[in-house]
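Both counts, for ligands and for their atoms, begin at 1 and track the order of listing.
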Amino acid sequence: MRKESTSLSVPIESGLFPDEDNRSAVPLPEGRYQAISQRHLDRIPMLSELSEDERFAIRVVSSVLPFRTNRYVNDNLIDWDKVPKDPVYQLVFPQRAMLSDDDFQTVADHILRGSPDHEISRIAAEIRNNLNPHPAGQLEFNIPKIDGEAVNGLQHKYRETVLFFPSHGQTCHAYCTFCFRWAQFVGDSKMRIAASQNSGLHRYLASHPDISDLLVTGGDPMIMRTSWLERILRPFIGNRMLEHIQNIRIGTKALTFWPHRFVGDQDADELLRLLEDLVDAGKHVAIMAHFNHGQELRTEVVRDAIRRIRDTGAEIRCQAPLLAHINDCPAIWSRMWEKQVRLGMVPYYMFVERDTGARHYFEVPLARGWEIYAEAVRQVSGLGRTVRGPSMSATPGKVEVLGIQEIHGEKVFVLRFLQGRNPEWVAKPFFAKFDPAATWFDHLKPALGQSKFFFEDEFRAMTGNKIALAA
Ligand SMILES: *Cc1c(COP(=O)(O)O)cnc(C)c1O
Ligand code: SF4
């Protein structure tokens with residue numbers, strides 16, 4: 001269904017099930033990446049344990065939402081005797097309840113009726129359009145310009161940090177079922193904000209001395225060959241024009257989905273050398289690792305990968321969304337943070353699941369989210385309390401739920417910006433009416449007799465201007 005990029009660090013199509021039609025094909029060796037997608041469903045031995053209904057449900061849902069796993073994940077990270085409750089199974093395998101009953105039935109009927117593929121794709125696209133594929137004004141407001149010209153593949157929302165989406169990094173070694181970037185994996189061209197060239201990035205950064213951080217993101221940039229990463233990152237070494245870029249972050253889930261990227265892949269050593277050269281050039285290099293559950297940290301190869309990254313002098317900071325069915329329990333978080341600290345990583349963010357895709361399946365009320373955070377953080381050492389959250393990446397900024405309080409008889413959420421479109425907003429506590437069912441920022445109303453939030457007028461002016469500019 002999807003066209004694969006040709007520059008993946010691993011030959012996804014060619015390396016996978018080499019004898020496509022032979023069910024007894026000899027599996028590739030452990031260290032070779034093998035993607036598993038919808039068309040391999042019948043050939044995953046462990047899935048034969050599931051009921052016919054469950055397997056059909058996977059087929060239906062994966063016609064609508066992106067689905068990809070791989071041999072490493074299936075063989076090492078999932079406890080198949082706990083399926084379907086296993087958290088990593090929930091992380092990569094589509095579940096029936098991820099679609100509404102109506103949508104599920106529509107697609108199921110077409111599959112059972114034997115409708116042609118293009119018909120099923122058309123219906124799937126319609127359903128996807130109703131799942132808010134482009135949350136939080138990502139496309140409208142944050143694309144920077146050089147000389148009035150939009151720079152593709154860049155997002156500049158917060159003063160000190162630029163996000164870069166290289167076009168070769170717009171896929172992942174497996175797909176998370178809750179992913180908020182899911183639209184780009186199903187070939188939605190509106191989501192294609194990716195850059196096919198790096199020159200715009202370097203020019204934009206060189207002309208903005210107030211930017212200190214570059215965050216390379218995706219998809220997963222670690223899907224790229226090292227040579228592509230070098231073209232993006234080597235220019236930061238010994239370049240006076242880019243000296244103000246202090247911190248280079250790379251967002252990735254490869255430590256979960258393909259830790260061999262840092263260990264046995266053919267260009268793993270070059271990747272580590274690149275990180276080391278950046279560190280030696282005085283940059284702070286941070287791998288922003290995405291871990292949802294401690295189970296993702298249990299293999300020897302992920303521990304090797306962590307050790308090898310840390311040996312380069314790069315830091316690993318950990319972040320993840322809070323998700324029903326995967327990690328909505330304090331003990332999961334506290335054990336995961338402890339494990340991360342023990343392995344030399346730094347817990348960084350707990351996110352609130354965004355308002356897109358199958359969010360109804362994964363969402364956790366903000367009130368419960370805060371309780372989970374609070375209970376979990378109380379159980380770990382101060383070294384694990386570097387983590388902040390639960391945090392919502394909303395259009396005005398990253399909003400953290402600091403707590404729930406009663407002020408003069410009114411129950412409120414205490415909130416603060418961790419990041420704001422205006423840096424002046426950051427760190428000021430503000431209040432919203434307590435609402436036990438609220439799951440996202442747009443459900444919140446000002447509290448304590450206020451008619452609007454303190455930033456509202458300014459925010460409206462900002463976005464209003466942006467819309468006028470774009471029109
Ligand atoms: C989270 C985020 C950042 C980085 O924020 P930090 O608080 O510095 O980690 C930058 N840009 C965008 C758009 C973000 O969502
Ligand atoms: S690794 Fe990140 S970008 Fe890729 S599917 Fe998971 S959440 Fe989405």
Side-chain angles (χ1 to χ4, degrees), residues 2 35 65-70 73 88 90-94 133 135-139 141-144 154-166 169-186 191 193-194 211-223 246-258 261 284 286 288-293 296 315 317-321 323 326 346-354 356-358 362 386-389 391-400 416-421 423 425-427:
R2 305 186 54 253
L65 298 172
F67 165 55
R68 174 189 278 172
T69 176
N70 67 58
V73 172
V88 180
Q90 293 278 334
L91 171 69
V92 292
F93 278 91
Q138 284 199 61
L139 301 178
F141 307 134
N142 307 319
I143 314 251
L154 259 62
Q155 234 191 76
H156 191 185
K157 182 170 175 178
Y158 306 129
R159 183 188 52 199
E160 71 281 1
T161 305
V162 158
L163 266 56
F164 181 54
F165 298 77
Q170 298 309 302
T171 184
C172 308
H173 294 99
Y175 295 149
C176 307
T177 40
F178 54 80
C179 179
F180 73 89
R181 291 187 173 140
W182 60 281
Q184 73 205 49
F185 304 135
V186 288
M191 194 59 211
I193 54 172
I211 299 172
S212 59
D213 285 46
L214 166 66
L215 171 47
V216 185
T217 184
D220 193 329
M222 288 301 174
I223 201 95
Q246 292 270 312
N247 307 318
I248 295 180
R249 318 190 207 178
I250 306 173
T252 184
K253 200 168 171 68
L255 283 168
T256 294
F257 286 154
W258 190 241
R261 180 68 189 91
H284 177 111
M288 306 304 290
H290 174 187
F291 295 112
N292 303 92
H293 196 286
E296 296 161 49
E315 300 293 338
R317 293 177 207 278
C318 305
Q319 52 190 24
L323 304 150
I326 293 182
V346 184
Y348 188 65
Y349 273 140
M350 174 199 266
F351 292 120
V352 179
E353 169 61 356
R354 286 178 91 145
T356 178
F362 292 111
T386 49
V387 65
R388 291 163 299 162
S391 166
M392 292 171 271
S393 291
T395 318
K398 275 191 171 65
V399 180
E400 180 182 38
R416 69 167 171 178
F417 281 104
L418 295 172
Q419 281 288 4
R421 269 168 202 284
W425 301 346
V426 171

To the nearest 0.5 Å, what is the distance between [atom1] on [X] and [atom2] on [Y]?
{"X": "C179", "Y": "E353", "atom1": "SG", "atom2": "CD", "answer": "9.0 Å"}
{"X": "I250", "Y": "L214", "atom1": "CD1", "atom2": "CG", "answer": "8.5 Å"}
{"X": "D220", "Y": "Y175", "atom1": "CG", "atom2": "OH", "answer": "11.0 Å"}
{"X": "E400", "Y": "L418", "atom1": "CD", "atom2": "CG", "answer": "4.5 Å"}
{"X": "Q155", "Y": "L215", "atom1": "CD", "atom2": "CG", "answer": "9.5 Å"}

Exercise. Would you say the side-chain atoms of N70 pair up with the backbone N or O of H173, donor to acceptor, closer than 3.5 Å?
Worked result: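 A pair under 3.5 Å: yes.
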For this session: Write down the atom of P321, the atom of H290, and the distance for their closest heavy-atom approach.
Result: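 Heavy-atom minimum between the residues: CD-NE2, 3.6 Å.
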Exercise. Any side-chain donor paired with an acceptor under 3.5 Å for T252 and R261?
Worked result: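 T252 vs R261: no donor-acceptor pair found between side chains.
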For this session: Quick one: sort the F362 and F178 rings into parallel, tilted or perpendicular, breaks at 30° and 60°.
Result: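 The rings of F362 and F178 stand perpendicular, inter-plane angle above 60°.
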Under a 3.5 Å threshold, I'd like every N/O contact between ligand 1 and protein atoms, with atom names and distance.
residue: ligand 1; atom: 5 (O); partner: Q419; partner atom: NE2; Å: 3.4
residue: ligand 1; atom: 7 (O); partner: Y349; partner atom: OH; Å: 2.5
residue: ligand 1; atom: 7 (O); partner: Q419; partner atom: NE2; Å: 3.1
residue: ligand 1; atom: 8 (O); partner: R249; partner atom: NH2; Å: 2.7
residue: ligand 1; atom: 8 (O); partner: Q419; partner atom: NE2; Å: 3.1
residue: ligand 1; atom: 9 (O); partner: R249; partner atom: NH1; Å: 2.8
residue: ligand 1; atom: 9 (O); partner: Y348; partner atom: OH; Å: 2.7
residue: ligand 1; atom: 15 (O); partner: K398; partner atom: NZ; Å: 2.8

For this session: Could you give me a count of protein N/O/S atoms that are under 2.8 Å from atom 4 (Fe) of ligand 2?
Result: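 Excluding waters, the total comes to 1.
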